[in-house]
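Reading through the structure tokens given below for one structure.
Throughout, numbering of the chain's residues begins at 1 and tracks the sequence. Both ligands and their constituent atoms are indexed starting at 1 by order of listing. These figures come from a predicted structure and were not determined experimentally.
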Amino acid sequence: MDRIRITGGQRLNGTIPISGAKNATLPLMIASLLTDQTLILENVPRLADVGLLQRILGNHGVDIMVSGKRPGETAYDGQTLHISAANVIDTTAPYELVSRMRASFWVIAPLVARMGEARVSMPGGCAIGTRPVDLLIMALNDLGAEIEIDRGYVIARARKGLTGGSISFPKVTVGGTHTAIMAASLARGTTVIENAAREPEIADVADCLNKMGAKISGAGTARIVVEGVPRLNGARHRVLPDRIETGTYAMAVAMTGGDLLLENARAELLQAALNVLCQAGVEVTVTNAGVRVARNGAGLSPVEVATAPFPGFPTDLQAQLMALMTCAQGTSQIRETIFENRFMHVQELVRLGARIRLDGERATIEGVERLKGAPVMATDLRASVSLVIAALAAEGETMVNRVYHLDRGFERLEDKLSACGAAIERISG
Ligand code: EPU
């Protein structure tokens, strides 16, 4: 199993290219199941989760071709996928695959909408909480799908197709909103989705579906209207930049000090997080090339933050912010309101010398002068990267174990950081 060795104390200076967003790429790839024509996705990041979803879609009979490199392209340019679901050979998504990546449950929506039936394993528990799928099932049910739960599988049937309806989410859910939009796109009649998630990745997927011939309005707001169409076509779409990768490197340079240009990043995708960094005393400048984040000399001020659905502070940056606040000059408070158990990084940060108290959904972080390197590990993607951020500023050496979590969501993390001065290397085996 690969590990990452970091020797802390180096400032970060230079440019980091931001990759395409993982959490847009996954639903965009799944949306390819809605049409028998080819969907071309550009700026797709090279991530383990993308590879795994390729396998899962392959199991349904989807062909995926990856374009070769064009002259002038760098190692950091995203890949272009040509995805064809002309022949769907299997409408079952088995436990072995769905349990490895929760988002693959979302195939249920295009499969039932286009094929009239889907049999998808329930994903099961995961490291950041119970994460049920009841609201995704509710949405399909509201569009007329018959739902049966049988031996760990959700079976959704709509032999005569889905019908438009009204879906009102009692809680904001990203996966529920993706599922509802995809299913409603091929339903007969109009669907109104209330209390929809407003995350930029929802708007990106809706934008791609509209290029495919769907009629979706209001994506990016809490009320989305979808007028169903009988069929969708192929299209070409460029995945938007990853706001969580952007925020992660912004926190990294805030931690170490230095000056980074986060190339291709779009500030409006993570305004809440950038505001928190400004409050902490970090310099943030928006340029034509991306977002520049710098901290030179001054200490970090503590902050009080609660995670919230977009446009609030993202839960996917909570662990990284906590790592940063371990070295603030004072006491910070962070509340996690989205997932009930997303604090696995806390005990690992404590191993590095952080002072953190947990009380239910609230973490109180008392800033310390300096962290000290130690062996650490984490059980999810964002928790792992928070340990990398802490290690970049810690005295001495930190070994981050279970690197496969990082590979799920950060493209060439150690290359991007070492090019900007970090002492970081991967140790294979
Ligand atoms: N929820 C329910 N019932 C449901 C669905 C969700 O109770 O049927 C609850 C969840 O348990 C959670 C809340 O609703 O408490 C929000 O969950 P949501 O459905 O929004 O999360 P998701 O769609 O499963 C996506 C991202 C996550 C990100 C969350 C929140 C993808 C592939 N995943 O998950 O990303 O944390 O939205 O923004 O888009 C990550 O990238 O590391 C990651 C975990």
Side-chain angles (χ1 to χ4, degrees), residues 19-31 45 47-50 52-53 56 98 100-109 120 122-142 147 149 154 167-182 193 195-205 222 239-240 242-248 269-270 272-273 307-320 335-342 344-345 361 378-386 405-411:
S19 301
K22 167 179 87 78
N23 287 351
T25 301
L26 301 177
L28 283 165
M29 289 173 71
I30 289 172
L47 298 172
D49 271 7
V50 171
L52 180 57
L53 185 56
I56 292 170
V98 180
R100 292 179 60 189
M101 186 174 55
R102 289 186 52 83
S104 60
F105 183 83
W106 304 346
V107 298
I108 195 166
V120 180
M122 306 245 242
C126 94
I128 62 177
T130 49
R131 298 183 81 184
V133 288
D134 55 323
L135 301 177
L136 284 69
I137 294 175
M138 177 202 87
L140 295 175
N141 201 233
D142 288 345
I147 306 285
I149 314 275
V154 180
I167 301 172
S168 180
F169 287 112
K171 182 175 193 178
V172 176
T173 156
V174 171
T177 307
H178 279 309
T179 307
I181 293 177
M182 284 195 244
I193 306 168
N195 199 25
R198 290 179 279 166
E199 269 64 8
E201 293 75 21
I202 301 278
D204 199 46
V205 174
V239 179
L240 89 172
D242 196 313
R243 65 195 165 98
I244 304 303
E245 190 194 25
T246 307
T248 300
L269 302 181
L270 70 159
T307 61
F310 193 86
F313 187 93
T315 172
D316 289 346
L317 285 174
Q318 179 258 111
Q320 297 90 316
R335 271 178 61 220
E336 171 57 58
T337 73
I338 309 286
F339 293 110
E340 78 274 20
N341 185 27
R342 206 173 198 181
M344 288 82 50
H345 43 286
E361 61 177 31
T379 42
D380 92 277
L381 165 61
R382 312 303 179 185
S384 302
V385 85
S386 78
H405 288 296
L406 288 172
D407 294 334
R408 292 188 59 184
F410 290 93
E411 183 172 350

So for ligand 1, is [X] a polar contact partner (N or O within less than 3.5 Å, distance only)?
X	answer
I338	yes
G176	no
P132	yes
L381	no
D134	yes
N23	yes
V174	yes

A197 touching ligand 1 at heavy-atom level, < 4.0 angstrom: no

Non-hydrogen atom of R342 closer than 4.0 Å to ligand 1: yes

Listed partners of R198 passing salt bridge (Lys or Arg N to Asp or Glu O under 4.0 Å), at least two apart: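 Scan of R198 (salt bridge (Lys or Arg N to Asp or Glu O under 4.0 Å), adjacent residues dropped) gives none.
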
With D407 via salt bridge (Lys or Arg N to Asp or Glu O under 4.0 Å) - residues at least two apart: R426

With heavy atoms of [X] as the reference, note each atom of ligand 1 found under 4.0 Å away.
X	result
L136	5 (C), 8 (O)
G175	19 (O), 23 (O)
D316	27 (C), 28 (C), 35 (O), 36 (O), 40 (C), 41 (O), 42 (O), 43 (C), 44 (C)

Within reach of ligand 1, part of R382 (heavy-atom separation under 4.0 Å): side chain

Proximity of E201 to ligand 1 by residue part, where a heavy atom lies under 4.0 Å: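 Neither part.
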
Residues H345 and Q320: side-chain donor-acceptor under 3.5 angstrom: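 No, no side-chain donor-acceptor contact under 3.5 Å.
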
Pair E336-T315, side-chain donor/acceptor within less than 3.5 Å: yes

Short N-O contact, R342 and D316, less than 4.0 angstrom: yes

Minimum side-chain heavy-atom gap [X]-[Y] below 4.5 Å:
X	Y	value
I137	I149	yes
N195	P170	no
R243	F310	yes

Distance (rounded to the nearest 0.5 Å) between L136 CG and M122 CE: 11.5 Å

Interatomic distance, I108 atom CD1 to I30 atom CD1 [nearest 0.5 angstrom]: 11.5 Å

Nearest heavy atom to [atom]: which of [options] does it belong to?
atom	options	value
atom 30 (C) of ligand 1	I30, T315, V172	T315
atom 17 (O) of ligand 1	F169, F339, W106, F310	F339
atom 34 (O) of ligand 1	R102, K22, E336, R131	R131

Criterion side chain to side chain donor-acceptor pair (under 3.5 Å) on Q318 and T307, from CA distance to verdict: CA-CA 7 Å; Q318 179 258 111; T307 61; over 6 Å; no

